[in-house]
Amino acid sequence: MNHTLSILLQNEAGALVRVAGLFAARGYNIDTLTVGPTHDPSVSRLVLTVQCDEAGLGRIMQQTRKLVDVLQVAHPAAALAA
Amino acid sequence: MTTSSPPASAAVAVAHPSHIAVPASGAEAIVQVLADEGVEVIFGYSGGAILPVYDAVFRHNALHPREDGGESMPLVVPANEQGAGFMAAGYARASGKVGVAIVTSGPGATNMVTPVRDSMADSIPLVVICGQVGTASIGSDAFQEAPVSNIMGACAKHVFLVTDAAQLEATVRTAFTLARSGRPGPVVVDVPKDVQNAAIDWHGSGELLLGGYRSRLRTVEQASLSDTDCAAFFAALAQARRPLIYAGGGVIAAEASTALRDFVDAFGLPVTTTLMGLGAFDTADPRALHMLGMHGTAYANYAVEDCDFVLALGARFDDRVAGVPDRFAPGAKFIAQIDIDPAEIGKVKRVDWHHVGPLTRALERLTAYGRAHAIAPQLSAWHAHVAGLKRTHAMDYDRASALIQPYAVIEALNRHTQGRAIISTGVGQHQMWAAQYFDFRAPRHWLTSGSMGTMGFGLPAAIGAQFAHPGKLVIDIDGDASIRMNIGELETVTTYGLPLKVVVLNNSGDGMVRQWQRLYFKGRFAGSDKSLHKKDFVLAAQADGFAWARRLDQPAALEATVADFLAFAGPAFLEVVIDPDAGVYPMVGPGASYAQMITGDFIASRKAAAVDEGATSHMF
Ligand SMILES: Cc1ncc(C[n+]2csc(CCOP(=O)(O)OP(=O)(O)O)c2C)c(N)n1
Ligand SMILES: [Mg+2]
């Protein structure tokens, strides 16, 4: 299933690479990716879509939360459904 | 620990130590943060892009001698940066403190990749400082430039590329916090040469904000078990008749062994540990089942088959333990898991109860709750069963062989060390024999590359451990192939006058690879036979300054040689020519369940022993 994740990231050199690298290293294929500024210049928002099952989604969200530069990982569809 | 004596010019500074030197450059700031963090030894190799930091270390040591006149932060120089990384890791594993390595840019940093990845995989706290080409040259394919933040970013807990000297002090301090907090791991700080040389204003305190990391850390660290959580745990335990603790390296990382022993004293659950968890619970305790998994003891693995309740502590159901997750602990009606890392909960195996938080506090809380509610599981039948398993399926081997059996070598060493020596290993059969046949009576006595399984780990890790514990007996149990990977570090042992003991179990090649080739590739030993190799290990050790270096090839001389070897006061090297066909048993093959474990010719397998077990196994 296709999932959209919204990730808030500290705007540090290499932070985007680490998120993309984590997904690649753990066998997830990112289908689309956009990065943009937020009202706080030190924080960027990264929106990506990825194909995986529910269990896989939970695992990759947990792993993403382990990245030091990551402030927040959200799955808006799940939040809406809840 | 001996290091080079300070030069004459430094002696002047020694006579008039200045305590008011305030760091004025990036390099000085790095060294001052290390000193403030209590770093007592640095492992590393110099080079162009890190020279300012090396110079600052030199000046710091000249200015701040220890009370006994020694250097306060000696630099230990390996043969290869990989050696420095594993020394720092061995130091960290043996001491529980953060290990520190400092290397130059490009090849210095890339030689450090393996120990960084190894430490990440085994959750070992390191701070690695790498020199980098000047900020103006980054991205220009400069001499000795490598994309360290990309490379290390993929395998470390975190990497910082510091391009603003004003951030350097706080960044290095933060690296220590990151390395040791939560689930520990290696943190790399990449520092361009101009940042090392830049003038800075020293603050003396302050760290980077890292809002996301810190708020997640706070949540985990403050997590505690509610009465409801405890009640649910003990309600499930009350239903269990055969509960088992499966303890991993997390128990050691969390310094939770005492809390674990108190929990076991209170409720009586037997304990099996992973390879990484050896020493988390005294293996000589009657309730200990030693190691489980692919090469675990038969009795531990059968206990996992038989149990009806699993409490996983700082353990992650990895593929060497739960090769087939669905068939791991098939009789367990309830699995409970406690870990510091939320990502490990249910990652491999669904669990019925879990807690994410500091292990010591969680165990203390459960123990207090259980005691307050007078919970006393009646486990005498299960204890009798476990004792029966240990008796019936004890570790054993061919004791009548004319060739030296590796198991006998470890047993002979263990008779002297009694589970109190620090043991490091390479990777392969010798690693598994050491894990199986040594006793481990306390944590941080067993240093092995568990998750990465990196050959070459043993010797440098032992060196690092000896720096952490100068007065302790440290033994590297190595393989003839593994030791070749970092054999340059033999000279490091004698350079620094370390009394460590090196044992090479020589089976003429990659024994573990041959074991798999025998089982799965019809005995075609592609690339794993070294019987025609020319190396004379004893001569090699002598050439590197080992005054005690011997080869043992007569079984009758085993006891006396081992005694003499361990009694030698300085560095000693013992090559033991072992039976090249000796195997590691038991073995749970890839894709097999514990019930399908092969036990070899000398350990009773369940089918053969079914009759003996009748007395206690009726309860299943
Ligand atoms: C750096 C590295 N390369 C390759 C391997 C694969 N490997 C695992 S065990 C082994 C053989 C090790 O031989 P030795 O050190 O002599 O130990 P033995 O199994 O003979 O006791 C090899 C090649 C590894 N673990 N690490
Ligand atoms: Mg070998």
Side-chain angles (χ1 to χ4, degrees), chain A residues 3 5-30 33 35-48 50 52-76 78-79, chain B residues 117 120 123 132 135 138-139 147-164 167 171 174-175 177-179 181-188 190 192 207-217 219-220 316 325 339-350 356:
Chain A
H3 300 281
L5 294 180
S6 168
I7 299 169
L8 288 180
L9 208 55
Q10 264 176 244
N11 195 4
E12 297 285 337
L16 171 62
V17 174
R18 277 198 282 277
V19 175
L22 174 80
F23 276 67
R26 292 191 178 262
Y28 293 76
N29 187 37
I30 297 176
L33 173 69
V35 189
T38 64
H39 63 275
D40 178 347
S42 69
V43 176
S44 322
R45 181 184 301 280
L46 196 155
V47 177
L48 60 81
V50 62
C52 61
D53 62 15
E54 290 292 326
L57 180 72
R59 278 197 296 271
I60 194 65
M61 286 175 70
Q62 288 287 26
Q63 293 298 340
T64 307
R65 288 193 184 103
K66 287 171 69 169
L67 294 176
V68 170
D69 296 322
V70 167
L71 296 165
Q72 202 190 83
V73 183
H75 182 217
Chain B
R117 183 60 205 163
M120 184 65 188
S123 305
Q132 179 58 283
T135 44
I138 289 180
V148 168
S149 64
N150 290 32
I151 296 169
M152 294 293 199
C155 53
K157 182 170 175 179
H158 195 56
V159 51
F160 295 102
L161 168 60
V162 186
T163 49
D164 174 5
Q167 296 288 315
T171 303
T174 305
T177 299
L178 283 178
S181 61
R183 182 172 178 172
V187 179
V188 178
D190 199 26
E207 294 194 17
L208 304 180
L209 280 173
L210 302 182
Y213 180 86
R214 285 186 205 275
S215 83
R216 289 188 292 271
L217 181 66
T219 308
V220 168
R316 58 189 181 89
D339 206 285
I340 195 79
D341 181 356
E344 289 301 343
I345 304 296
K347 184 178 90 176
V348 173
K349 187 128 174 118
R350 201 187 57 77
V356 176

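Numbers restart at 1 for each chain; the letters A, B, ... are given by sequence-line order, proteins then strands. Predicted, not measured: the structure shown is a model, and the values here were computed from it.
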| side-chain hydrogen bond (donor to acceptor under 3.5 Å, both in side chains) evaluation trace for A:D40 with A:S42 | CA-CA 5 Å; A:D40 178 347; A:S42 69; 2.9 Å; yes

| field | Check against side-chain contact (heavy atoms from CB on, under 4.5 Å), A:R59 and A:Q62 | value | CA-CA 5 Å; A:R59 278 197 296 271; A:Q62 288 287 26; 5.8 Å; no

| query | Strictly by modelled atom types, are B:T177 and B:E207 linked by a side-chain donor-acceptor pair under 3.5 Å? | reply | yes

| task | Go through the atoms of B:L209 and report whether side chain, backbone, both or neither lie under 4.5 Å from a heavy atom of chain A. | result | neither

| What part of B:L161 gets closer than 4.5 Å to chain A, counting heavy atoms only: side chain, backbone, both or neither? | neither

| query | Which members of residues 11-22 of chain A, sorted by number, sit under 4.5 angstrom from chain B on a heavy-atom basis? | reply | A:R18

| When you look at CZ of B:R214, are more than 12 heavy atoms from neighbouring residues, nucleotides or ligands closer to it than 6.0 Å? | yes

| Residues in salt bridge (charged side-chain N to carboxylate O under 4.0 Å, His left out) with B:R183, at least two apart? | B:D341, B:E344

| message | Please determine whether the number of non-hydrogen atoms from other residues, nucleotides or ligands lying under 6.0 Å from atom CG of A:L33 exceeds 12. | response | yes

| request: Could you walk me through whether A:F23 and A:L5 pass side-chain contact (heavy atoms from CB on, under 4.5 Å), step by step? | output: CA-CA 12 Å; A:F23 276 67; A:L5 294 180; 4.0 Å; yes

